[in-house]
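These values consider heavy atoms only, across backbone and side chains, with no hydrogens, waters or symmetry-generated copies.
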Amino acid sequence: MELIRISALLDNYIWLLCDEDKRCVIIDPAESQPVIDILAANQLIPVAIFLTHHHHDHVGGVPGLLIKHPELPVYGPEETRKKGATQIVHEHETIEIAHFSFRIIELPGHTLGHIAFYQAPHLFCGDTLFSGGCGRLFEGTAEQMFSSLGKISSLPDDTLICCAHEYTAANMAFAKAVLPDNQTIHNYYQKIIERRENRQATVPTTLQTEKKINVFLNCHDIDLQKNIGIKPNSISLSSVFQQLRAYKDRF
């Protein structure tokens with residue numbers, strides 16, 4: 001499989017996953033023209049569009065793509081039905097198309113119906129998990145998002161986190177503020193700054209890396225709890241997450 005990352009809008013990424021026959025799926029098309037250009041330049045044959053949630057910067061390219069490729073099925077959660085989805089999918093269902101086999105994982109939190117598409121090792125998780133961070137709680141609860149991150153954490157460590165935004169530098173600045181003495185976070189932050197100064201993308205990343213540097217996957221960390229004003233082990237981990245997410249919102 002070949003993974004192609006397409007920059008769109010201000011800081012979005014559109015993903016294409018391609019098989020050996022040059023067939024591909026398109027994930028979260030924020031815009032249509034950049035995708036159309038890549039398809040033509042690489043002689044790729046799209047077989048489906050996948051939508052993780054209903055926000056415009058993830059579905060805005062659907063109409064333009066369907067003008068060019070009207071036969072394409074569009075898979076997504078119920079909340080994307082009015083955004084162009086023709087095939088509504090749910091937890092544990094599998095999409096079998098061309099040489100692809102994707103499992104659906106429901107990840108409420110950022111939105112109530114947010115989903116991910118997983119074909120090992122690729123996880124297309126939209127705005128649930130970012131490198132060094134996680135999505136804002138626009139519709140769901142902190143408990144829902146904490147549970148969704150737990151689902152992702154249970155996947156194999158070599159899972160590739162194909163998120164939909166280039167937010168890593170800002171996320172790692174926050175991680176440094178939360179855990180200023182963590183050398184792993186400090187080193188990763190420096191690496192990310194260098195990559196961004198060279199205009200390089202910072203994703204995909206691996207789940208193994210995220211478990212080391214992403215504070216939202218480390219709510220059990222005693223130093224983290226102390227540094228955000230929580231007496232260690234005094235509240236549930238989902239409540240720690242809630243306070244940490246609120247701190248990030250103000251950061």
Side-chain angles (χ1 to χ4, degrees), residues 11-13 15 27-28 30 50-60 75-83 85 88-93 102-118 122-156 159-168 170-172 174-175 178 203-207 209-211 213-221 224-225 228 230 235-251:
D11 52 30
N12 276 74
Y13 288 132
W15 298 97
I27 300 95
D28 281 352
F50 291 172
L51 307 177
T52 61
H53 63 292
H54 67 84
H55 287 163
H56 181 73
D57 61 330
H58 295 255
V59 304
Y75 294 86
E78 179 62 42
E79 66 180 38
T80 61
R81 187 184 294 274
K82 294 182 179 180
K83 304 294 184 176
I88 305 304
V89 290
H90 304 90
E91 179 93 331
H92 302 311
E93 290 183 353
F102 285 91
R103 177 162 63 92
I104 305 303
I105 304 174
E106 292 182 354
L107 300 174
H110 182 67
T111 67
L112 288 175
H114 199 298
I115 64 172
F117 300 87
Y118 177 59
H122 303 91
L123 179 73
F124 299 98
C125 55
D127 287 359
T128 299
L129 181 68
F130 300 122
S131 184
C134 72
R136 287 179 178 268
L137 304 179
F138 285 121
E139 298 174 13
T141 66
E143 187 172 351
Q144 285 176 317
M145 180 65 96
F146 183 72
S147 176
S148 293
L149 294 178
K151 286 184 181 181
I152 294 176
S153 293
S154 70
L155 296 173
T159 299
L160 288 175
I161 305 300
C162 303
C163 56
H165 289 277
E166 182 57 71
Y167 287 165
T168 315
N171 288 337
M172 293 311 300
F174 175 69
V178 171
V203 292
T205 180
T206 65
L207 182 57
T209 295
E210 291 306 304
K211 287 179 178 179
I213 59 88
N214 193 319
V215 292
F216 292 100
L217 300 184
N218 286 280
C219 291
H220 58 277
D221 187 286
L224 181 152
Q225 294 181 22
I228 63 172
I230 297 173
I235 59 176
S236 68
L237 292 183
S238 63
S239 295
V240 174
F241 170 81
Q242 183 176 23
Q243 293 195 33
L244 184 64
R245 181 63 256 185
Y247 181 21
K248 177 63 165 63
D249 291 342
R250 301 189 303 270
F251 187 72

Inset, instruction - For E143, check side chain to side chain contact (heavy atoms under 4.5 Å, CB included) against everything at least two apart and list the hits. - result: T141

Legend entry - With S239 via side chain to side chain donor-acceptor pair (under 3.5 Å) - residues at least two apart: S236

Inset, instruction - Please examine the side chains of E79 and L51, heavy atoms only from C-beta on, and report whether any two atoms are closer than 4.5 Å. - result: no

Legend entry - With F251 via ring-ring contact (aromatic ring centres under 6.0 Å, His included) - residues at least two apart: F174

Legend entry - K83: partners by salt bridge (charged side-chain N to carboxylate O under 4.0 Å, His left out), with sequence neighbours left out: none

Legend entry - Donor-acceptor pair, side chain of D221 and main chain of L224, under 3.5 angstrom: yes

Legend entry - Which residues share a side chain to side chain donor-acceptor pair (under 3.5 Å) with D11, sequence neighbours left out: H165

Inset, instruction - Apply ring-ring contact (aromatic ring centres under 6.0 Å, His included) to Y75 and list each qualifying residue two or more places apart in sequence or on a separate chain. - result: F50

Legend entry - Contacts of H122 that satisfy ring-ring contact (aromatic ring centres under 6.0 Å, His included) - sequence neighbours left out: none

Inset, instruction - For I104, enumerate each residue passing the side chain to side chain contact (heavy atoms under 4.5 Å, CB included) test, keeping only those at least two apart in sequence or located in another chain. - result: V89, E93, I95, I115, F117

Inset, instruction - With sequence neighbours excluded, tell me which residues meet side chain to side chain contact (heavy atoms under 4.5 Å, CB included) with N171. - result: F130, Y167, K248

Inset, instruction - Check side chain to side chain contact (heavy atoms under 4.5 Å, CB included) between T209 and all other residues, then give those that pass, not counting sequence neighbours. - result: Y188, T205, T206, I213

Inset, instruction - Using side chain to side chain donor-acceptor pair (under 3.5 Å) as the criterion, list what pairs up with E139, not counting sequence neighbours. - result: H54

Legend entry - Listed partners of S148 passing side chain to side chain donor-acceptor pair (under 3.5 Å), at least two apart: none

